[in-house]
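My questions will all concern the structure given below.
Index from 1, following the sequence. Counting convention: from 1, in listed order, for ligands and their atoms alike.
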Amino acid sequence: MSKLLVAIDGPAGSGKSSVAQAVAERLGLANLNTGATYRAVALVALREGLDLDDGAALATVGGDVDLAADGVFHGGEHIPEDALRTPEVAAAASRVSTHPELREVLVERQRAAARKAQAAGGAVVEGRDVGTVVLPEAELKVFLSASPEERARRRALQTGREEEFERIRKAMHTRDKRDSEREASPLRPAPGAVVLDTTTLDLERVVARVVELARERQGIL
Ligand code: DC
C-alpha cells in the first residue's frame, strides 16, 4: 500500500475537519490538523499576555509547538482539545496566523509532522494552505467550499448555539476575510486541487468522493 498524503483545505464550516477525520479513518491514515498549531500559539499568547501583533514573540512560541495525530503539544505538553476550541482562541488564531514569521516556523513543524506520519503509513492533513504551501507535493489535494450561510449554520449546530447564528455568521465573515486577504499564504485552492462545493452535499457523500479520489491516486502511485 502506498504511503499517501492527502491535503484538505477550505474555510471554517466547509466540513474540512469532519471530512478529514472520516477519510483518515476509512483509509487507515493519520489525521493531522494544522489549524491546531495556530490555535496552540494563540492560546499560549493569550495565557501569557503576549502582544498578538508581535510576530517575533509568536514565532518563538511556535518553535515549541509539535503536531501529531493525537493532537498538538506545547513544550512537550498535550493541549486539551476543549481549550483550543473557544471563540476567543479561534479569533486570536486567525490574527496570529497573519504573521509570516510565525507561519514560516509552523509550516516547518507541520511538514515534520507530515513526514513522520507519511513514513508511518500516510496522512490526511487539513488546513488552509496545506496544498498550496505546506505539502504541494501531496498526491491528492482537495479544496472544500460551501456558501457562507450554510457554513455558519453548520457551525451554529455544531456548537449547540443556534440562537447565535447571526453572531457566528458575522465572526466567520471577519475570519474568512482575514484568512483570504492576508498576504502570507492566503486561503485559496492549490493548482491541481479538486474543488468540492459541499453546500448541498451531506458529509457521507463528500467523504465517499474523497475516498474514491484517494484510491484512484493510490492506484497510480
Ligand atoms: O481550522 P481552524 O479553524 O482550526 O484554524 C484556526 C485559524 O488558523 C484560522 O483562522 C486560520 C489559521 N490557519 C492557517 O492560517 N493555516 C492553516 N494551515 C490552518 C489554519
Side-chain angles (χ1 to χ4, degrees), residues 5-21 24 31-46 52-53 55 58-59 61-62 65-69 71-72 74 79-114 117 123-136 138 141-146 148 151-152 154-156 158-159 168-190 193 198:
L5 279 182
V6 179
I8 301 187
D9 291 299
S14 60
K16 239 179 337 147
S17 295
S18 314
V19 172
Q21 224 170 341
N31 179 22
L32 298 173
N33 179 353
T34 62
T37 63
Y38 292 93
R39 287 177 184 258
V41 170
L43 177 68
V44 172
L46 290 174
L52 296 183
D53 292 317
L58 297 170
V61 174
V65 167
D66 281 301
L67 180 64
V72 68
H74 176 251
I79 305 183
E81 185 70 18
D82 58 350
L84 298 175
R85 299 279 143 206
T86 68
E88 293 73 28
V89 169
S94 170
R95 256 181 85 183
V96 303
S97 71
T98 59
H99 294 286
E101 290 155 286
L102 173 65
R103 299 198 69 87
E104 212 175 292
V105 171
L106 290 185
V107 164
E108 272 316 310
R109 316 300 289 167
Q110 294 158 11
R111 283 188 185 135
V124 177
V125 187
E126 61 157 299
R128 301 289 198 287
D129 63 344
V130 179
T132 51
V133 176
V134 184
L135 303 169
K141 296 172 217 169
V142 176
F143 189 91
L144 299 180
S145 68
R151 293 191 289 112
R154 289 177 190 170
R155 193 42 63 91
Q158 208 176 44
T159 56
I168 290 173
R169 195 185 63 76
K170 281 195 184 131
M172 209 175 230
H173 178 74
T174 308
R175 203 142 78 90
D176 280 355
K177 203 165 140 57
R178 198 188 283 133
D179 292 346
S180 53
E181 290 178 0
R182 69 173 177 231
E183 273 179 40
S185 317
L187 173 68
R188 61 176 58 134
T198 71

Exactly one of T37, N33, T34 should register a side-chain hydrogen bond (donor to acceptor under 3.5 Å, both in side chains) with Q110. Which one does?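 With Q110 as partner, side-chain hydrogen bond (donor to acceptor under 3.5 Å, both in side chains) holds for just one option, T37.
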
Does a salt bridge link D66 with R109, judged by any charged N lying under 4.0 Å from a carboxylate O? yes

Run the side-chain contact (heavy atoms from CB on, under 4.5 Å) check on E126 and N31 step by step: do they pass? CA-CA 8 Å; E126 61 157 299; N31 179 22; 4.2 Å; yes

Does a side chain donor of either S94 or R178 reach within less than 3.5 Å of an acceptor in the other side chain?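 Distance-only check passes for S94 and R178.
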
Do T198 and R154 have a side chain donor and acceptor closer than 3.5 Å?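 Side-chain D/A pair, T198 to R154: present.
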
With hydrogens left out, which residues have an atom under 4.0 Å from ligand 1, given that only heavy atoms count? K16, T34, G35, Y38, R39, R85, A93, S94, S97, R103, G127, R128, D129, R175, D179, R182

Identify the two heavy atoms, one from A190 and one from K141, that lie closest to each other, and give their separation to 0.1 Å. CB-CD, 3.9 Å

